[in-house]
Every structure is written in structure tokens, then in C-alpha cells.
**Student:** 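What follows is a structure written as C-alpha cells; I'll ask about it next.
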Amino acid sequence: CPSTKQHFACEYDCYGDSYFVDTDLSQLKEVFSGIKNSS
Amino acid sequence: MERKVSKICLASEPSVIHFLQVSWEKTLGSGFVITLTDGHSAWTGTVSASEISQEADDMAMEKEKYVDELRKALVSGAGPVDTYKFNFLKESGHFSFEKCLKDVSFRLGSFNLEKVASPAEVIRELICYCLDTVTEHQAKNEHLQKENERLLRDWKDAQGRFEKCVSAKETLETDLYERFILVLNEKKTKIRNLHKLLNEVQELEKNTEHDR
Amino acid sequence: MERKVSKICLASEPSVIHFLQVSWEKTLGSGFVITLTDGHSAWTGTVSASEISQEADDMAMEKEKYVDELRKALVSGAGPVDTYKFNFLKESGHFSFEKCLKDVSFRLGSFNLEKVASPAEVIRELICYCLDTVTEHQAKNEHLQKENERLLRDWKDAQGRFEKCVSAKETLETDLYERFILVLNEKKTKIRNLHKLLNEVQELEKNTEHDR
């Protein structure tokens, strides 16, 4: 719903990486794998 | 000139190994010289291209096919040992050979050989040819052996470089991720601090608003 | 049993090639059988270990060294062609050989050989040995050839995998950086926005302060 969407938009960037929570290897790999074609 | 020396046994003297030397220019079908020796005497004869064609006609066989049969019988010795039977009448010098299949054998050809006046020379020449062939093969062997060793070194080298590259790629990936995580978490800390600051300022703003 | 057949020329008949066959059990120094033939007649003799030691003593040479000289002279035919000179008296069967250095030659050894009653058998046996050696070398050649082809394939395969790995590593690096830049720039955008927001709020705060 819009509020959840709004919440996620504040917390995460468009690649699914959190703005606030520190990342680690598995998370960053997951974010990267979600980026279809980097170029 | 091509040449081949092979061991044969004559039907008339099965216990004595004879040596058949066949030498030819360009192709066997263009005619060849055949020499037979038992290590003591020697007989030789020349077979012309036309005689070969004649024999092929007599056997109603395609010349190519017939020459192939000749090659198998007189040169490569293809097939099981008793595939071919050789007959030689020393008196007349008549040499004939036949192909033995399961239960039938058919004559493949015959030539007249002349007895050689000085067999020692022919025998020496034949032994020299054999020794030269041994030397040639030995040299080829050594060359191939060296080639073998070089290829093995090259393969090991390429395999080593490949393995190094695989581990370098893994190291690179780990290393890059570590660096990325460091830089990214720096930014996230910055965002958290700015966010916290912003909340404080907004809080303040609200209170001031309220006071006013 | 080890065996070696080599061509030699006798000083007495330089134009006729002779064949020297030396066969021995374990080591040459433990004694050997020597056979000489000109393709027509054959002579043979056995040289015992004690005769070899005796010859070495006569030449005041270390036995090992002497056997090495024998090997070079009678077996491997090492060195330039005219390094060794062979003499053979057919009547007496006396065979001797000497080593010719630049301007001096010294006797290396001599044996008495017996004329063989049926040389044809010895010659046949020698030719068979040569032909078997040719066949053996041919088989070895084919094996080495196949081995070479396999190694070449393996090398090309490893080389191919290495090249693929190098380009995969480069691609990985580029790809990871590109993804990282995207994610990092998101954070930078966020920081810029927060900064901007913070400035606005602080500006507002200042004005409000001023108003108050």
C-alpha cells in the first residue's frame, strides 16, 4: 500500500540497498544480483 | 623411392623366414621391384604397371582395388598372419601369392624372379636399409619425445596460469566487496548522522514554532 | 638381453659394409657375444667378463672406463665415423679395433671369432631383429604421436580456459564497479538531499529565531 511504499522509499534506494543499515557481503551481493544489467 | 621390407614364410619352407622387399616410385600401381631373400640367396624381379593392369583384368578387379590388395599382401601385411600364402619355386623363380579367406583362397598374383648373382650385396643393402630405418625412427622418437616434454611443460604452464587466474579472480571479487562495503557503510553512517541531525533540527523547529 | 647392430667398415675391405651385432645380458661389462657378417658369411665369438677385465688391465685402464670405451666403439658408434678402425682377418678370425685420435691411434681390444657354419640363419636372425626394432619404434612413434596430439589438445584447452578466465576476471571487475557506482551514487544523492533539507530547515530556524 502507498504507506508501505512510502516507508520503503525512505528506507531503501531503488536497488533495494538500505540507506541506514550497514551492509555486509551477502547483502551487498544480493543487491548487486538484483541490478539486472549494470550498464 | 618408397620401400618396405617384411617377413614372410613360404608354403614350401614354413620354418625358414624369408624377407620380401618391395620398392616403388610414386605409387605401387606404377610398377615395383620385388626382392626375396632367405639370408643366403636372393631373387629379384620388376613388375610393370601394365603387368599389374593385366593381373587386375584377369581377376576382373578394378585396378585401384587390385593395387590395394597387392599393398595389403606385399607391403603392409595387413590382417591376420595367415591371410596371405606365398609360394616360390626356387628352380624356376616363380613367385605366387594368394589370399586365404575363411574357407576359400584365391590367387592374387604371380611374378617371375631372377636369382641374384651376388646375393651378399642385396642382403647388405637390405640390412643397411633396415638399420637406416631404425636410426630414422629413433631420431623421430627422440624428436617426438622432446616435443612431448615441451608440450607437457606448456600444458603445465597454461594450467598453472589458469589456476592462478581463477584464484586471482576470487581474490579480486572478495577484495572489491570488502572495499565496497567499507565505502558504502561510511556513506550510510553519514546518512544516519544527517538524518539524526535533521530530526533534531526539525524537533527544535517544532518547539520554537510552538513557543512562538 | 640387450642387443645392438651397427654398420662398420673393415680396414681390409673399406668398400664392403659389414654388420657388427653385440648382445649382452645385464651389462656390457659382464660379457657379450659379438657377431660379424658381410651379408654372406658370418663369424661369432663370446667375450667373457674376465677377458674384459684382462684387456682393461693390459691397457692400465679402469674397468668401468674401458667398458665405456667398448660401448662407444662397438655399440653406440659414438663420435665421428672414423673414430674407430676395425680389422678382421677372415682366415684366422682375429678381430681387433683401435681408437683413432687426431694423430695417434691405440688398440682398444681384440677377439677371436669363429666362422659360423650356417650364416644364413645368423643373417636371417639379424634381419628379423632389425625389422622387429623398426616395428617397435614405429609403434612407439605412433604412441608418442597420439600422446602429442592429446597434449596439444589439453594445452589448447587449458590455454582456452585461461583466456576465458582472464576476460571473465576483467568483466567481473568492470561489472562490480558499475554496480557499486550505481548503489553508491544513490547514497550520495540521498546525502545531497539530506544536506539540502537540513540547510533549508536551518535557514527556516534562523528566520524563525529572528522573527521571535
**Student:** What residue, out of C:Lys169, C:His40, C:Glu163, has the most heavy-atom pairs lying under 4.5 Å from chain B?
**Tutor:** C:Lys169

**Student:** Looking at chain B, which one of C:Ser118, C:Ser41, C:Ala158 has the largest number of heavy-atom pairs inside 4.5 Å, strictly under?
**Tutor:**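 Winner by heavy-atom pair count: C:Ala158.
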
**Student:** Measure C:Lys156 against the heavy atoms of chain B and call it side chain, backbone, both or neither at under 4.5 Å.
**Tutor:**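 Contact with chain B is absent: no heavy atom of C:Lys156 under 4.5 Å.
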
**Student:** Calculate, to the nearest 0.5 Å, the distance between atoms CG and CG belonging to B:Leu184 and C:Leu184 respectively.
**Tutor:** 6.0 Å

**Student:** What part of B:Lys164 gets closer than 4.5 Å to chain C, counting heavy atoms only: side chain, backbone, both or neither?
**Tutor:**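 No part of B:Lys164 comes within 4.5 Å of chain C.
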
**Student:** More than 12 heavy atoms of other residues, nucleotides or ligands under 6.0 Å from CZ of B:Arg179: yes or no?
**Tutor:** no

**Student:** Check each atom of C:Ser6 against the heavy atoms of chain B and say whether the ones under 4.5 Å are side chain, backbone, both or neither.
**Tutor:**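 Backbone only.
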
**Student:** CD of C:Glu114: more than 12 outside heavy atoms within 6.0 angstrom?
**Tutor:**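 No, because the 6.0 Å sphere around CD of C:Glu114 holds 12 heavy atoms or fewer from other groups.
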
**Student:** Pick from B:His195, B:Gln159, B:Arg161: which one has the most heavy-atom pairs with chain C under 4.5 Å?
**Tutor:**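 That would be B:Arg161.
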
**Student:** Between B:Leu194, B:Leu126, B:Ile123, which residue shows the highest count of heavy-atom pairs closer than 4.5 Å to chain C?
**Tutor:**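 If we count pairs closer than 4.5 Å to chain C, B:Leu194 comes out on top.
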
**Student:** Once you round to the nearest 0.5 Å, how far does CD of C:Gln138 lie from CG of B:Asn141?
**Tutor:**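 One gets 10.5 Å once the value is rounded to the nearest 0.5 Å.
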
**Student:** Quick one, C:His137 with B:Thr133, criterion side chain to side chain contact (heavy atoms under 4.5 Å, CB included). Give me CA distance, side-chain angles, the key distance, then yes/no.
**Tutor:** CA-CA 9 Å; C:His137 283 327; B:Thr133 309; over 6 Å; no

**Student:** For B:Lys187 and C:Glu186: C-alpha separation, side-chain torsions, deciding distance, then whether side chain to side chain contact (heavy atoms under 4.5 Å, CB included) applies.
**Tutor:** CA-CA 10 Å; B:Lys187 296 294 175 256; C:Glu186 282 299 306; over 6 Å; no

**Student:** I'd like to verify something: which residue of C:Asp154, C:Leu152, C:Val183, C:Val16 has the highest number of heavy-atom pairs under 4.5 Å with chain B?
**Tutor:** C:Asp154

**Student:** If you tally heavy-atom pairs under 4.5 Å against chain B, which of C:Val5, C:Leu204, C:Asn148 wins?
**Tutor:** C:Asn148

**Student:** Name the region of C:Glu136, side chain, backbone, both or neither, that has any atom closer than 4.5 Å to a heavy atom of chain B.
**Tutor:** neither

**Student:** Which of parallel (below 30°), tilted (30 to 60°) and perpendicular (above 60°) describes B:Phe180 and C:Tyr177?
**Tutor:** perpendicular

**Student:** Contact part of B:Leu197 toward chain C, heavy-atom cut-off under 4.5 Å: side chain, backbone, both or neither?
**Tutor:**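 Both parts, backbone and side chain.
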
**Student:** Within this structure, what is the OG1-NZ distance for the pair B:Thr135 and C:Lys7, rounded to the nearest 0.5 Å?
**Tutor:** 6.5 Å

**Student:** Verify the neighbour count for atom NZ of B:Lys190: are there more than 12 heavy atoms of other residues, nucleotides or ligands below 6.0 Å?
**Tutor:**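 Open: at most 12 neighbouring heavy atoms sit under 6.0 Å from NZ of B:Lys190.
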
**Student:** From C:Phe162 CZ over to B:Phe162 CZ, what is the distance, rounded to the nearest 0.5 angstrom?
**Tutor:** 10.0 Å

**Student:** Pick one of side chain, backbone, both or neither for B:Leu172, based on which atoms fall under 4.5 Å of a heavy atom in chain C.
**Tutor:** side chain

**Student:** Does CD belonging to B:Glu121 count more than 12 external heavy atoms closer than 6.0 Å?
**Tutor:** no

**Student:** Do C:Arg124 and B:Phe19 make a side-chain contact, defined as non-hydrogen atoms from C-beta onward lying under 4.5 Å apart?
**Tutor:**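 They are in side-chain contact.
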
**Student:** When you compare the side chain of B:Leu131 with that of C:Cys130, does any pair of heavy atoms fall below 4.5 Å?
**Tutor:** yes

**Student:** Does some side-chain heavy atom of C:Glu147 sit less than 4.5 Å from a side-chain heavy atom of B:Leu151?
**Tutor:** no

